[in-house]
Amino acid sequence: MYFLVHLYQLIAAGLNNNSKDTHSFYSIILDTLSVFYLNKKKQFYFLLITVFLSSLADVISFSLIIPVIYIINDPTPIEQIAALSFVYKSLHFASINNFIFFLLIGLVVIFLVKNLFLLFSIYLQHKFVYSIANEILSNQLTKFYKNDYLDIKKNNSVEYLRCLIEAPQGFADNMMMPMVFILNEFLVVLLVLIALLFYKPSVMILLLLTIVPLGFLLITTAKRKLQENSDTRTKLEKESFLSAVEGINAYTDIKLFGKETNFIDSIQEVFKSLYKVISLRNIYTLIPRRIIEVLVVLTICLLFMIANFGLHVSKNEMVLILLTFSTAAYRIMPSLNEIIINVVKVRTTNYVLDLLRFIKDPVLVNATLKPLPFEEKIELQNINFKYIENNITVLENLCFSIKKGEFVVLTGDSGAGKTTIGKILTGFIKQDSGKYLIDKEELEHINQIKKYIGYVTQDFYLFDKTLLENIAIGELKENVDFEKIEQIIRYTNLKELVDSLPLGIHQPIGEMGAKLSGGQKQRIAIARALYKDIEFLVLDEATSSLDKELEQEVINTIYDISKKTNLTVLLITHRVSAIKRFDQIYEFNNGVLNNLA
């Protein structure tokens, strides 16, 4: 098995001479093989065995064509070859033609069995490869959710979509499967040449001097052109994805400004360029096969002239040489074509490796950290925080506390730092210095408090699922606590909405709650937070998009819930006109926190 891995490395080293690319073919192969090997070690070796057996079966079956066709042309070997003579006499064939028909039937059966085995082998290969792709997706998602909030927000959401959607499948389609094809076809070529070495060395030498060098020449010639094509395609795929997402999300603004035609034209322009690049790539990959095919025919003609006029061999010998060369060439030709196409595919889609590395490995969390119970008070002591990207200090020596069960309002101008305080309290942002204390115990990681923290923002997300699935997110239906759902629906004044829906809580609400009013969507977001038995709820401008009357109604609902359930609430808002009931109210402006109560 190690021999097969080393074959890959030797091919890569040979193809990578004088390469100045960031990703050498050698390093790409090693990176891809490491994913194979690390994810499923035993299955990796089993894959190598199936590839080897497939190649061996392919070569053996094709090698049988030569003697069968030769016997059709000249039946004398039936009497000369002991094995054939024994079968002929033992089965009492009435004539040579019947025996030839028997050989042809046998050849058909062998090819049928071989192809059934190859199909089964291909099934196993694809199953293995795409199981790894599924594991890669799982790893990508795990890394995404374990990364810090600020690290996630540094990048565009389109980049993450590509990492999660495009990268796993791209790695399977453009890296792993081509590696399997390269190995399989390389073994076919190698086994054909070894067989010819023992059977007709002159034919093997001729193949080595013609088709094989041409294959490597085509790889090196096509590499630069296809690399440029791949770089352009990668850039255009990102632009096309981004333009399509923006065109969909900005629907209302585009309609209101009457710019539909402009956006259609700009999106079409990007996709037109992308489709042109893809079509050129497809043409480039077809060229090698056509060139090799012409060369094979020319070589057959040349071989005939040499054998006929130069070597003066017999007719039967000439037929055997031409038959051997033609069969070998036409088996090697598609193999070389597959090798060329897949080498270029691997070499020009190495951006997938960059996508797999785009989401950084998360910082390891101390597994011994225990949850911090909240019974008395949450405190921020001398908190300092600066956003590194723009070098702006937002919080400096901030001190703030909330007692258990209090309904606290935090107001101030937009951009003053209120949201930053909310994100520190929910654990999404880690302060640069200072202490975050819960009942005098210092918080070290969000995992210590996330079970009882609720966070509702102005731009909360609603899934294109049922009302129930939007409240009990990620919960299996059999695990849903329906009594709690009914209680929360009453608490949040959603009962009237539920009764009006044809399917009740099982009614789909559309993408981002498209079928609901602003107040209804807001109540669902709050109901979602309450479902997880939270003890501390942070509302960050959660009602700012509502009109004053509706905002006051929602806030009063939350206040009542707070007092019924001893729920601690921090309401962050820049307008206080709708707030009539609270325990404490603070104003935060210019880095100073004032108690207005």
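Along the sequence shown, the residues carry numbers beginning at 1. These figures come from a predicted structure and were not determined experimentally.
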**Prompt:** Is the shortest distance from a Lys or Arg side-chain nitrogen in Arg162 or Asp354 to a carboxylate oxygen in the other one below 4.0 Å?
**Reply:** no
**Message:** Quick check: do Glu376 and Lys403 have side-chain heavy atoms less than 4.5 Å from each other?
**Reply:** no
**Gln507 side chain to Gly504 backbone, donor-acceptor under 3.5 Å** = no
**Message:** For Glu396 and Thr393, which I'm curious about, is there any donor-acceptor pair between the side chains at under 3.5 Å?
**Reply:** no
**Request:** Check the surroundings of atom NZ in Lys430: do more than 12 heavy atoms from other residues, nucleotides or ligands lie under 6.0 Å from it?
**Result:** yes
**Prompt:** Name the one of Ile485, Ile509, Leu503, Val498 that satisfies side-chain contact (heavy atoms from CB on, under 4.5 Å) with Leu468?
**Reply:** Ile485
**Message:** Has Asn556 got a side-chain atom pairing as donor or acceptor with Gln552's backbone, closer than 3.5 angstrom?
**Reply:** yes
**Request:** Establish, yes or no, whether a centroid distance under 6.0 Å links the rings of Phe400 and Phe588.
**Result:** no
**Message:** Please check: side-chain N/O of Asn470 versus main-chain N/O of Thr466, any donor-acceptor pairing under 3.5 Å?
**Reply:** yes
**Item:** Donor-acceptor pair between Gln169 and Asp173 side chains, under 3.5 angstrom
**Value:** yes
**Asked** Heavy-atom count around Tyr461 OH within 6.0 Å, excluding the residue itself: above 12?
**Response** yes
**Side-chain ion pair, Asp560 and Lys564, N-O less than 4.0 Å** = no
**Message:** Tell me if the aromatic rings of Phe407 and Phe582 count as close, with their centers under 6.0 Å from one another.
**Reply:** no
**Asked** Judged by atom type as modelled, is there a donor-acceptor pair below 3.5 Å linking the side chain of Lys404 to the main-chain atoms of Asn566?
**Response** no
**Message:** Walk me through whether Phe358 and Tyr160 qualify under ring-ring contact (aromatic ring centres under 6.0 Å, His included).
**Reply:** CA-CA 8 Å; Phe358 182 78; Tyr160 291 115; 5.8 Å; yes
**Message:** Quick check: do Ile471 and Ile505 have side-chain heavy atoms less than 4.5 Å from each other?
**Reply:** no
**Asked** Quick one: side-chain contact (heavy atoms from CB on, under 4.5 Å) partners of Thr565, sequence neighbours excluded?
**Response** Tyr491, Ile561, Leu567
**Prompt:** Would you call Asp413 and Lys418 a salt bridge, taking side-chain N to carboxylate O under 4.0 Å as the test?
**Reply:** no
**Request:** Taking the side chain as every heavy atom from C-beta outward, state whether Leu539 and Val569 have any pair of such atoms under 4.5 Å apart.
**Result:** yes
**Asked** Just checking, any donor-acceptor pair under 3.5 angstrom between side chains of Asp540 and Tyr455?
**Response** yes
**Prompt:** Side-chain donor-acceptor pair under 3.5 Å between Gln431 and Asn384, yes or no?
**Reply:** no
**Prompt:** Are side-chain N/O atoms of Glu135 and Ser131 paired as donor and acceptor at under 3.5 Å?
**Reply:** no
**Message:** Using the side-chain contact (heavy atoms from CB on, under 4.5 Å) criterion, which residues pair with Gln381? Sequence neighbours excluded.
**Reply:** Glu379, Lys435, Leu437
**Request:** For this output row, return yes or no: ring centroids of Tyr130 and Phe128 closer than 6.0 angstrom.
**Result:** no
